[in-house]
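Below you'll find the structure, written out as structure tokens, and then a few comments.
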Amino acid sequence: MLVALFPGDGIGPEVIAQARRVLDALKIDGLTYEEGLVGGVAYKATGHPLPPETLDIARRADAILFGAVGDFDCDSLERRLRPEQAILGLRKELTLFSNLRPAKMFPELSEASTLRPEIAAAIDLMIVRELNGDVYFGEKGLRTTATGLREGYDIMSYNEDEVRRIAHSAFRTAQARRGKLCSVDKANVLDTSQLWRDVVIETAKDYPDVALTHMYVDNAAMQLVRNPAQFDVIVTGNLFGDILSDQASMCVGSIGMLASASLDANGKGLYEPIHGSAPDIAGQGKANPLATVLSAAMMLRYSLGMAAQADRIEAAVAKALAGGARSPDLGGSLTTAQMGDAVLAALGD
């Protein structure tokens, strides 16, 4: 089994290092790694954020563990050369269309949430975000209007096949959880969302055991802080999913706690923490590695068929938190490596 390691920029190398320590501690037979450059470091070394050598590693690998991309030094580059194009390119080239972003409250972190403890404690949901469409991949550009004004445009679009495949993914995810699916859109004003809603309703006929509801995205944002316990699985488009999953991360205490999986139709996936490269704290040992460690657990579960090992990692994270392990984002003072030490200690108990 080959795992591609793409640390990337900023705190990416620091958190990937801790996830690898945890994976190595499991002593999994046949697990090997190959590392590649992505993002700003790749651009500086090769002239492109996703060089061919890295893409080759990604295609050969059974799964990808990704750190983060983003570098202020590259902000002035044309868009196709910016670090973020590495992750967008991988999603497109590998057809990673289904993004799973779990948000579950660890009881030990209830005080870290900005929500009241009794509300935060009930959070246990999964956001299924479509990754290959929407404004991220639609036609875009800058132009001049007839009156001489500069105008930017980004076209939001989905075809019915794109919606149907993410809907199937979401319904199957709901079947494996509590059987509730909420589809989030903006069908009252967007034709793209109306098509989305129509196709999700059509697909629901194949899943009579899943209760389907619909919610406008603005209401969904409000409900995530008002009554997050009502949600089991949320399915939504690329833009709305990006925003709602970051919101969910703060409901459970820190963006440094949320893992994610981006899957193709066959279960091959790219796994990454949802936080960014955080260049302001890079190299200072302040980054929380737990989202990356939990992403490695998702990798074992979804792509490598090792649910028992994934359970061990998740239990070790919970035990480390119960023992008081806290990085600065959680109100503590442990370094990135010390948080890794705490998980390894719990894993060995």
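Atoms considered below: every heavy atom in the structure, side chains included; atoms not considered: hydrogens, waters and symmetry mates.
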Distance (rounded to the nearest 0.5 Å) between Arg197 CZ and Ser183 OG: 7.0 Å
Atom pair OG (Ser98) and OH (Tyr302), whose distance is rounded to the nearest 0.5 Å: 9.5 Å
Starting from the C-alpha separation in whole Å, work towards a yes-or-no answer on side-chain contact (heavy atoms from CB on, under 4.5 Å) for Leu109 and Val252. CA-CA 8 Å; Leu109 295 181; Val252 299; over 6 Å; no
Measure from the side-chain N and O atoms of [X] to the backbone N and O of [Y], and report whether any donor-acceptor pair falls under 3.5 Å.
| X | Y | answer |
| --- | --- | --- |
| Gln284 | Asp280 | yes |
| Ser245 | Arg101 | no |
| Asp246 | Ile255 | no |
| Asn99 | Ala261 | yes |

Only one of Ile87, Asp9, Val69, Leu55 passes side-chain contact (heavy atoms from CB on, under 4.5 Å) with Val38, and that residue is Val69
Please walk me through it: do Val233 and Val210 pass side-chain contact (heavy atoms from CB on, under 4.5 Å)? CA-CA 10 Å; Val233 178; Val210 175; over 6 Å; no
Determine whether more than 12 heavy atoms belonging to other residues, nucleotides or ligands lie under 6.0 Å from atom [atom1] of [X].
| X | atom1 | answer |
| --- | --- | --- |
| Arg60 | CZ | yes |
| Lys286 | NZ | no |
| Phe72 | CZ | no |
| Arg79 | CZ | no |
| Asp191 | CG | no |
| Lys104 | NZ | no |

Charged N-O contact under 4.0 Å between Asp232 and Lys180: no
Return the orientation label for the Phe171 and Tyr207 ring planes: parallel under 30°, perpendicular over 60°, tilted otherwise. parallel
